[in-house]
Amino acid sequence: MGIDLRAGGRTKKTERRLPVSKNIYLLDLHKLYSNLARKTQSTFNQRVAGRLCMARTKRMPISLSRLGRLMDGKMENVACVVGTITDDERLLTVPKMNVVALHFTETARARIVKAGGRCLTFDQLAIERPTGKNCILLQGRRHSREACRHFRGLRGEVHSGHAAPRLGRATGRKEKALVAYGTMIVALIEKHTPAKCVIFGDLVYGACCIDDITAQCYGIDLFVHFGHSQIVPTKLISIPTIHIPVSVKADKIVEWGSELISKNISAASISLLSTAQFCHLLPSLKEALTRDEKQYKKSQINIPQSKPLRPGEFLGCTVPTLTEETEAVIAVVDGRFHIEAIGLQYPNVIIYRLDPFTCELSLETVTTSVTIEKRNIIIKKARDSFISAYESRKKASVDSKEKESKKSTIPSKGVDIPSQTTSLESKSEDISIERKMDDKSLSLPASIIRSARPAIILGTLGRQGSLPLLRRLYSLFPSAYCVLMDEITESKLRMLDCSVVIMVACPRLSIDWGSSFTDPILLTPLEAFTLAGRGAGEGDIHLGCCALLDCISERSMDSSASPSSSSASMSSIFCEKGIILDNFSIEGGKWSVGYH
């Protein structure tokens with residue numbers, strides 16, 4: 001009887017019958033369990049022999065936490081995994097269990113042995129239990145790889161058929177990934193409405209990147225900002241604008257997060273914060289934590305707000321005001337940039353990061369004291385630069401006046417008596433400047449501030465810059481000049497003919513990377529107000545860098561205070577209060593963009 005090959009012919013089996021790997025141990029294990037399966041007729045041995053032939057992408061690792069959940073109530077049996085056993089720091093206590101696997105990580109093996117369990121190999125299992133009696137065969141999730149996110153019909157999305165788009169390696173921030181959905185949104189709008197759409201594919205660093213001026217030049221009637229909530233006041237935007245915040249679906253974080261928080265955190269008062277993508281999860285997380293009121297009461301969990309941001313939302317440059325009773329902050333974020341903002345403003349508060357994607361709770365540390373010390377050195381360098389520039393200009397003016405006076409002096413028969421008025425005035429001013437340099441205060445006299453010529457960079461990337469703030473800085477530094485700049489780079493800064501630059505842009509540029517620029521010196525508007533003596537007073541809620549001005553100046557006026565005690569108070573003030581980050585808050589100071 002012939003075979004009709006054109007009709008498809010015989011169906012061949014495509015599964016592996018031998019391991020592709022050249023690992024001698026793996027090949028010997030396959031021979032061992034193939035013989036055991038043939039002689040004992042055990043299904044367990046057949047399954048083990050089959051899984052030894054699988055590709056490594058199908059032999060996914062399994063963590064200790066997942067292993068403990070699967071073996072709950074079955075600890076008298078032996079857990080068998082044809083793969084790797086990895087450690088999980090979220091699991092505080094490892095139960096006593098016997099585990100058989102191809103490979104153990106060092107920490108996983110140490111924790112299992114410490115708990116009183118055993119770590120066996122498959123050849124040892126064949127000697128002890130050749131038929132696989134009381135053995136449970138487990139495996140990791142095959143679709144947990146990142147590549148499976150882009151496969152259609154996986155991870156429970158069989159009916160919807162959606163898959164994550166492939167975006168390649170983004171060189172910018174994660175908001176760049178939202179550009180991939182721009183064409184889909186535009187197609188829907190143009191299908192159901194007669195409107196014509198234009199996609200602005202510029203890189204978006206945050207909610208302040210609203211390029212409404214460029215949109216107005218293109219004749220755009222309506223501007224849609226997709227990704228963040230509104231922080232720029234409507235009256236400052238030139239065209240009608242709609243903000244559509246993106247909410248990332250991460251419902252598992254409510255159940256998992258509440259369990260992790262209740263088991264690991266015992267604080268009298270906890271504040272919940274998150275970025276714009278996860279703000280919708282905070283009320284549910286608070287409700288889950290205070291559901292029974294056994295672990296936490298409703299008064300212990302609070303969600304602070306810094307308007308115009310939503311409750312619990314915070315930015316890298318704007319952190320809500322926390323109560324004095326707050327002991328810990330739980331931030332639902334997936335990075336370190338926003339975490340550092342909390343640590344810079346509140347160095348004494350314990351910070352926990354709850355990752356919404358991996359469901360991990362980790363303790364975060366921020367070296368605020370090091371950052372404050374660096375910023376203090378930079379402010380002093382800027383002060384000394386202003387003083388030296390003032391002295392050089394004063395000396396040049398005195399020399400020119402002396403030359404003019406010599407030319408205008410008429411010789412007489414008597415003894416010449418040169419005029420000493422200008423020299424006496426310059427000496428008295430020099431003495432006052434030296435006194436200021438000896439003081440611990442960072443403020444400068446009004447004459448030096450008025451004559452200082454710093455460069456004020458107005459950021460034109462979206463609405464990072466602020467014209468009202470620029471005018472307030474001009475009132476302090478009338479001799480300054482303004483430079484418009486979109487992307488602030490080192491090469492552009494070196495082209496400026498100045499020693500001090502005040503950046504009316506993202507303040508984190510100066511705080512995070514200001515120490516790497518020695519020439520010119522980068523200052524934030526807050527630090528510029530500090531040098532001008534217009535910093536925050538003692539009655540303010542937050543006392544940051546500018547609080548050093550008032551506290552140290554009062555101490556320096558006391559003749560009994562020694563320099564060592566004054567410097568000690570300086571470090572204690574910094575470490576106690578931190579750096580003010582209220583850039584877009586409507587309750588911010590005169591140095592902030594949101595100040596009204």
Side-chain angles (χ1 to χ4, degrees), residues 172-173 175-176 178-179 181-183 185-186 188-190 193-246 275-277 306-310 313-318 455-475 480-489 492 502-509 524-525 528 582-596:
R173 293 182 58 81
E175 284 77 7
K176 190 175 181 179
L178 297 176
V179 179
Y181 298 97
T183 54
I185 298 172
V186 167
L188 291 173
I189 294 175
E190 293 184 348
T193 63
K196 298 295 181 182
C197 300
V198 178
I199 299 176
F200 279 27
D202 297 335
L203 187 62
V204 176
Y205 289 98
C208 56
C209 296
I210 303 176
D211 201 357
D212 58 306
I213 298 176
T214 305
Q216 189 179 19
C217 296
Y218 277 102
I220 304 298
D221 299 322
L222 179 65
F223 191 86
V224 180
H225 182 87
F226 183 69
H228 297 91
S229 57
Q230 182 177 1
I231 61 172
V232 181
T234 306
K235 63 180 181 180
L236 297 180
I237 304 176
S238 57
I239 61 175
T241 305
I242 297 176
H243 291 77
I244 303 178
V246 174
T275 52
Q277 293 84 356
S306 178
K307 294 182 178 180
L309 301 177
R310 292 179 292 173
E313 182 181 358
F314 75 108
L315 307 174
C317 61
T318 306
I456 302 177
I457 294 180
L458 181 64
T460 58
L461 183 63
R463 288 290 179 173
Q464 286 188 354
S466 172
L467 290 177
L469 178 56
L470 180 64
R471 297 189 188 99
R472 292 195 291 271
L473 287 172
Y474 265 130
S475 64
Y481 64 95
C482 179
V483 179
L484 302 180
M485 196 175 296
D486 52 356
E487 290 285 346
I488 300 173
T489 59
K492 293 180 181 179
I502 303 173
M503 298 181 61
V504 185
C506 180
R508 291 291 297 273
L509 292 175
T524 63
D582 57 354
N583 194 39
F584 283 101
S585 176
I586 60 175
E587 300 175 354
K590 295 182 179 180
W591 50 84
S592 63
V593 176
Y595 175 79
H596 296 287

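Note that this is a predicted model, so its numbers are computed, not measured.
Under a 3.5 Å cut-off, the side chain of Gln230 and the backbone N or O of Val232 do form a donor-acceptor pair. Here the side chain of Arg472 pairs no donor or acceptor atom with the backbone of Trp591 at under 3.5 angstrom.
For Ile502 against Ala528, the heavy-atom pair with the smallest separation is CD1-CB, 3.7 Å. Taking both residues in full, the closest heavy atoms of Ala276 and Arg310 are given as O-NH2, 2.8 Å, listed atom of the first, atom of the second, then distance. When all heavy atoms of Cys208 and Ile231 are compared, the closest pair comes out as N-CD1, 3.8 Å. The minimum heavy-atom distance between Ile220 and Val198, with the atom names listed, is CD1-CG2, 4.1 Å. In plain terms, the two heavy atoms of Glu190 and Cys197 that are nearest each other are OE2-N, 3.3 Å. When every heavy atom of Lys590 is checked against every heavy atom of Leu469, the shortest pair comes out as O-CD1, 3.4 Å.
Atom-to-atom distance recorded for Ile239:CD1 and Asp221:CG is 8.0 Å, nearest 0.5 angstrom. In this structure, the separation between CG on Leu470 and CD1 on Ile456 is 5.5 Å, given to the nearest 0.5 Å. The OG1 atom of Thr460 sits 9.0 Å away from atom CE of Met485, with the distance rounded to the nearest 0.5 Å. The distance from the CD1 atom of Ile244 to the CD1 atom of Ile185 is 7.0 Å, given to the nearest 0.5 Å. Atoms CD1 and CD1, from Ile213 and Ile237 in turn, are 10.5 Å apart once rounded to the nearest 0.5 Å.
Here the side chains of Leu467 and Leu458 are in contact, with some heavy-atom distance below 4.5 Å. When side chains are defined from C-beta on, Cys317 counts as touching Phe584, because their heavy atoms get closer than 4.5 Å. With contacts defined as side-chain heavy-atom distances shorter than 4.5 Å, the pair Ile210/Phe223 qualifies.
A side-chain donor-acceptor contact under 3.5 Å links Ser238 and Asp212.
A side chain to side chain contact (heavy atoms under 4.5 Å, CB included) with Ser585 holds for exactly one of Leu309, Thr318, Leu315; it is Thr318.
Counting heavy atoms of neighbouring residues, nucleotides and ligands inside a 6.0 Å radius, atom NZ of Lys307 does not exceed 12 of them.
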Walk me through whether Cys482 and Tyr474 qualify under side chain to side chain contact (heavy atoms under 4.5 Å, CB included).
CA-CA 9 Å; Cys482 179; Tyr474 265 130; 3.1 Å; yes
